[in-house]
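Okay, so here's the structure we're looking at.
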There are 2 protein chains.
Amino acid sequence: MSKSPDVSTLTTPAIAAGQGTGGSSETGYAAKHTPSPASEATLNTDKLEEVKKLFTAHLENKGLRKTGERYAILEEIYARSGHFDVDELYAGMKERGLQVSRATVYNTLDLLVEQGLVSKHQFGRNLAQYEKSYGYRQHDHVICTECHKVVEFCDPRIHGIQTMVGDLLNFHILHHSLNLYGICGDCRAQAAARNTHA
Amino acid sequence: MSKSPDVSTLTTPAIAAGQGTGGSSETGYAAKHTPSPASEATLNTDKLEEVKKLFTAHLENKGLRKTGERYAILEEIYARSGHFDVDELYAGMKERGLQVSRATVYNTLDLLVEQGLVSKHQFGRNLAQYEKSYGYRQHDHVICTECHKVVEFCDPRIHGIQTMVGDLLNFHILHHSLNLYGICGDCRAQAAARNTHA
DNA sequence: ATCTATGCAAAGTTTTTGCAGCACG
DNA sequence: CGTGCTGCAAAAACTTTGCATAGAT
């Protein structure tokens, strides 16, 4: 049901990334265009190993069992690109022959989010979206309220805000979520076209 | 003249702590936040009139009808302080003898959010929280992941980020939502106390 | 008089829970 | 071998929808 539109990341102090307004054309999510911050580069194979180790450590720490299902879910997540919801993850696994129950997916996602290997988002609709987050730069999102396209961006100022607010209010801040909601160029163009017609 | 902030908010460059919605019993969905009896605080009589006028204009603009239910809901919202969810609003109105159906509450909230008189939040759980927003300074939230306490803050840097990202990505940004998640001082103290015990 | 918005309840979505049996440690 | 984890399905939590009718214009 939910679609995960194209995702690219902009880093604010720099020049805008490619992401030309031109051809968004509401694709599925074939095009993952995560630009190359120096930390990325390597393909997921070795990163997957790292993540598995971290997950293992976490499970051992908490005295939880290392089940095949949990690792299968972790792998599926790290094989994916962009955002996904529980249903997409579940369907994707089924497609690959990795049958796992929904309850287990929810359970494991909670574990992963708790550990920080996965992040959870609520982009306005009542549907939790997830995203792998280990080894990826912390980023935030701009969401088009018309077509639900999601674009990523980074801005270093957020870190400063986070620190300052945490200090002033005596919170130990663990993570944040900044969503900007607006109308993308494509949708504005479409609206303009409609208006000229009328 | 009538500008008494009923929910104290911290403005980052200054110092002024404050506390928002209180926590609630945990346990998943079962329990909700205790409904905030909305009778206290400064009666926003004149502000309410302003808001009603704006709402009226919006309804006329869109060719929608000015029904008693819609105004009743608007009033209930502006009589409230802090955050609330649909159920709390619905229950609050019932208590005052303002019987309105849930469907109408949802419908009207959508209208108000669309117009910007009310803002909608998703604080991590899949439960929409709302808040009146006309005449109140745009603010953001720090959420305690333990007790679900919510504290508000303002930071002017966010506006700059919003503008810059909108310009660079060609989005017409309408609003944003910045949530900082962490553990509040109280919960950390409790955790520390537990640890000293062992 | 015309249609829109309401109310009610049923259906729809997403997430959680209870319990029998399997498998990790 | 015991107990936590999984799978299944039913329940819960929240939201949306369909249809008859009250009510705004």
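Everything numeric in this text was worked out from a predicted model, so none of it was measured. Within every chain, numbering begins at 1; the chains are lettered A, B, ... in the order of the sequence lines, protein sequences first and strands thereafter.
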Inset, instruction - Ignoring backbone atoms, establish whether B:Asn107 has a side-chain N or O less than 4.0 Å from OP1 or OP2 of C:dT6. - result: yes

Legend entry - Presence of donor-acceptor pair under 3.5 Å, side chain of A:Arg65 and base of C:dG25: no

Inset, instruction - Hey, could you give me the CG/CE distance between A:Asp155 and B:Met164, rounded to the nearest 0.5 Å? - result: 7.0 Å

Inset, instruction - Specify the separation, in whole Å, of atom CG of B:Leu127 and atom C1' of C:dT16. - result: 15 Å

Inset, instruction - May I have the distance from A:Gln129 (atom CD) to C:dT14 (atom P), rounded to whole angstrom? - result: 10 Å

Inset, instruction - Establish, with yes or no, whether the OP1 or OP2 oxygen of C:dT16 is under 4.0 angstrom from a side-chain nitrogen or oxygen of A:Tyr106. - result: no

Inset, instruction - Look at the aromatic rings of B:His141 and B:His121 and report parallel, tilted or perpendicular, splitting at 30° and 60°. - result: perpendicular

Inset, instruction - Could you tell me the separation between the CD1 atom of B:Ile73 and the P atom of C:dA5, rounded to a whole number of Å? - result: 13 Å

Inset, instruction - Rounded to the nearest angstrom, tell me the gap between atom CD in A:Glu60 and atom C1' in D:dG4. - result: 16 Å

Legend entry - Closest-nucleotide 5' rank along DNA chain D - winner of A:Thr108 and B:Asp110: A:Thr108

Inset, instruction - Write down the distance between NZ (B:Lys62) and P (D:dT25), rounded to a whole number of angstrom. - result: 17 Å

Legend entry - Rounded distance in Å - CG (A:Asn61) to P (C:dG25): 14 Å

Inset, instruction - For the side chain of B:Lys66, starting at C-beta, report the closest nucleotide among C:dG7, D:dT25, C:dT14. - result: D:dT25

Inset, instruction - Using only side-chain N and O atoms of B:Arg102, determine if any of them is under 4.0 Å from OP1 or OP2 of C:dC8. - result: no

Legend entry - Donor-acceptor pair, side chain of B:Arg188 and main chain of B:Ile183, under 3.5 angstrom: yes

Inset, instruction - Kindly work out whether a path of hydrophobic side-chain contacts (I/L/V/M/F/W/Y, heavy atoms less than 4.5 Å apart) joins A:Leu168 to A:Leu174. - result: no

Inset, instruction - Using a cut-off of strictly less than 4.0 Å, decide whether B:Asn126 has a side-chain nitrogen or oxygen near OP1 or OP2 of C:dT15. - result: yes

Inset, instruction - Could you state the atom-to-atom distance from CD of B:Glu69 to C1' of C:dC8 in whole Å? - result: 14 Å

Legend entry - N/O (side chain, B:Thr104) to phosphate O (OP1/OP2, C:dG7) under 4.0 Å: yes

Inset, instruction - Ignoring backbone atoms, establish whether B:Thr67 has a side-chain N or O less than 4.0 Å from OP1 or OP2 of D:dG23. - result: no

Inset, instruction - Specify the separation, in whole Å, of atom CZ of A:Arg70 and atom P of C:dC24. - result: 12 Å

Inset, instruction - Please determine if a side-chain N or O atom of A:Arg125 lies less than 4.0 Å away from the OP1 or OP2 oxygen of D:dT15. - result: no

Legend entry - Atom pair CG/CD of A:Leu180 and B:Gln162 - distance to nearest 0.5 Å: 6.0 Å

